[in-house]
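Proteins come first, then strands; the chains are lettered A, B, ... in the order of their sequence lines, and each starts at number 1.
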Amino acid sequence: MINKVMKILIKTLQKLEIPVPEHILVERSRTSEHGHFATNLAMVLTKVLRKNPMIIAEEIVNAIEPEEDFIQKVEVKKPGFINFFLTENTLQNVVLNVLERNENFGKSELGKGKKVQVEFVSANPTGPLTVGHGRQAVLGDCIARILEWNGYEVEREYYYNDAGRQMRILGLSTYHRYKQILGSQDPMPEDYYQGEYIRDIAQKIAEEQGDKYINDPDNDIFKNSAEKAVFEDIEATLRNLDIHFDRYYNERTLYEDGRIEKVLEDFKKIDAIYEKDGAIWFKGTEFGVDTDRVLWKSVINEATYRLPDIAYHRTKFERGYDKIIDVFGADHHATYPDVLAGLKALNYETNRINVIIHQFVTLTRGGEKVKMSTRKANFVTLDELADIVGKDVVRYFFIMRNANSHLDFDLELAVTEGDENPVFYLQYATARISSIFRKADKLGIDYQKAIDLSVLVTVEELNLMYTLAEFGEVVETCEKSLEPQQIANYLQKLATAFHKFYSECVVISSDEKITHARLLLAKATRIVLVNGLQMLGVSAPEKM
RNA sequence: GCCCUGGUAGCUCAACUGGACAGAGCACCUGCCUUCUAAGCAGGGGGUUCCAGGUUCAAGUCCUGGCCAGGGUACCA
């Protein structure tokens, strides 16, 4: 609908021989007083035409050719807005359109033929995922879903490193517990991982291997067993939230197939690195960042995270993605400019990379802050949270806010499961509709028989249909903004429109014509709700 | 010090990315269930959009300078 309004405007401008601005804004009017759609076109043209916006608006409106049965009227208001009012027929046709396209209603083709990769979570396997990881997991997954809805071919990737210092400590922590299980009294060093999961892993090793490794703290069995167990746990957690990765990419392979070295060689060729104090530095200042950074440490003979990150992102370019999306927590904020600078130096189109930074989740318990650390094991795991409130609530809660905002998650509130939860409001709408159809089926109503939607004319019905049509617009907006919270906001709006309709308009009545039409409208509404919830990975129950 | 991100109703947040009168939920009042689910609907109170300037037809939104909060600023990731 919105595209059709846009086309009409462009056609009219061409007819008047007015140059068409590169970006015409047509938006949904905020209040019904202003019609269904509005444009600021006349005001934008003021500068070009050097005329009063009201006059321009009038000229445009007078030149608009009446489009069969699409627009009811066009108005000019105060500073120069042009407001479009659609006919009832236009709105009623939305229902037919939804029913026809069904589970595909709302899909766009903006990304047709394009490949995109979304990297997210990427937590090293040192322990269970925390609530903090949860936000990123759900955000990344929803972004991937948004892109799928826009026709992209999407790959979800999890990048990790099992070779660093953290992982060494993980192995040692496991060894230490193992030793304790076999009778050692040595207390656990403070900087070791204290979590209960370490004890379980050690227990298993002790049971299967006995005391074979009692004097061998560096044996790979500790680190490897821990890594395996932790990863299984992480994957299970993600599975519980309906999150699935296409690939787990291990940093180590970058070393194994020589990509790390290759980056250094190529940097050398273009004179982007130099040696100082025995370390290798990247000339960041020559490639757009504030300072030069170390790529290879001299103190311990190994790379900083920057080098493998550059090599890793290089593979993303080599793998031919049209769009590359990195989802990071705010703590990683400082890391990516250097990586981008490095890639730019290597002549890659870094504008294909889209970095999404989300702020932290602060966990509170009855208003009191809960500090979290994997090491100290005083965190609440994502699994525990999902057990308490359920997948739908977890997912919805994490994406209902803008990624840039801090997220307060009150555990006590989540546990009470009260009306506080906006997810229920949405799901309630789907359940109500299902309930209507249970009754319709019981009565054997054949609402598909003679379709006549012209009887849908109440304020609530028209508004509901108008809102249904918005779904596609929202999906397309999200293709650029990558903000799942816009889907959530839209669904709230749709649910409200439905609940209002529900309370004002009795669906199944003695009037057969109205009953049939309203059933079709309810069906269309359920389709859009389900589609939208599917984009968020939230279920649409038939009963509550 | 410098760099990011926030600051909107008592609380938690929206606001179509510069549009018209800043909107929801919770909380607080008042109504509505013998009819498809009251986890709902209708109505009410509640605002200097942190402060001060600026840009323009138009600023919560953009620019400059403050104040507050969080994150970053390593040869940690």
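Judged by closest nucleotide on RNA chain B, R401(A) is the one of V507(A) and R401(A) placed further toward the 5' end.
For RNA chain B, the residues of residues 25-33 of chain A within the heavy-atom distance limit of 4.0 Å (strictly under) are L25(A), E27(A), R28(A), R30(A), E33(A), sorted by number. Scanning residues 491-505 of chain A for heavy-atom distances under 4.0 Å to RNA chain B yields H499(A), K500(A), Y502(A), S503(A), C505(A).
At the heavy-atom level, E483(A) lies under 4.0 Å from base atoms of the strands shown. At a threshold of 4.0 angstrom between heavy atoms, the contacts of A431(A) include nucleobase atoms, whether or not backbone atoms are also involved. Residue S481(A) is classed as a base contact, given a heavy-atom separation below 4.0 Å to a base. Residue contacts for N40(A): at a heavy-atom cut-off of 4.0 Å it reaches a base atom on one of the strands shown. Among the heavy atoms of the strands lying under 4.0 Å from N83(A) is at least one base atom, whether or not backbone atoms are also near. Here K77(A) lies in heavy-atom contact (under 4.0 Å) with a base.
Side-chain atoms of S298(A) and base atoms of C75(B) include a donor and an acceptor less than 3.5 Å apart. Within 3.5 Å, no donor on the side chain of N402(A) pairs with an acceptor on the base of A15(B), nor the reverse.
Ionic pairing of K316(A) and E157(A) is not present here: no N-O contact between side-chain nitrogen and carboxylate oxygen is shorter than 4.0 angstrom.
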Check: protein-nucleotides 3-6 of chain B nitrogen or oxygen pairs below 3.5 Å:
unit_1	atom_1	unit_2	atom_2	d
C4(B)	O2'	H333(A)	NE2	2.4
U5(B)	O2'	N404(A)	O	2.8

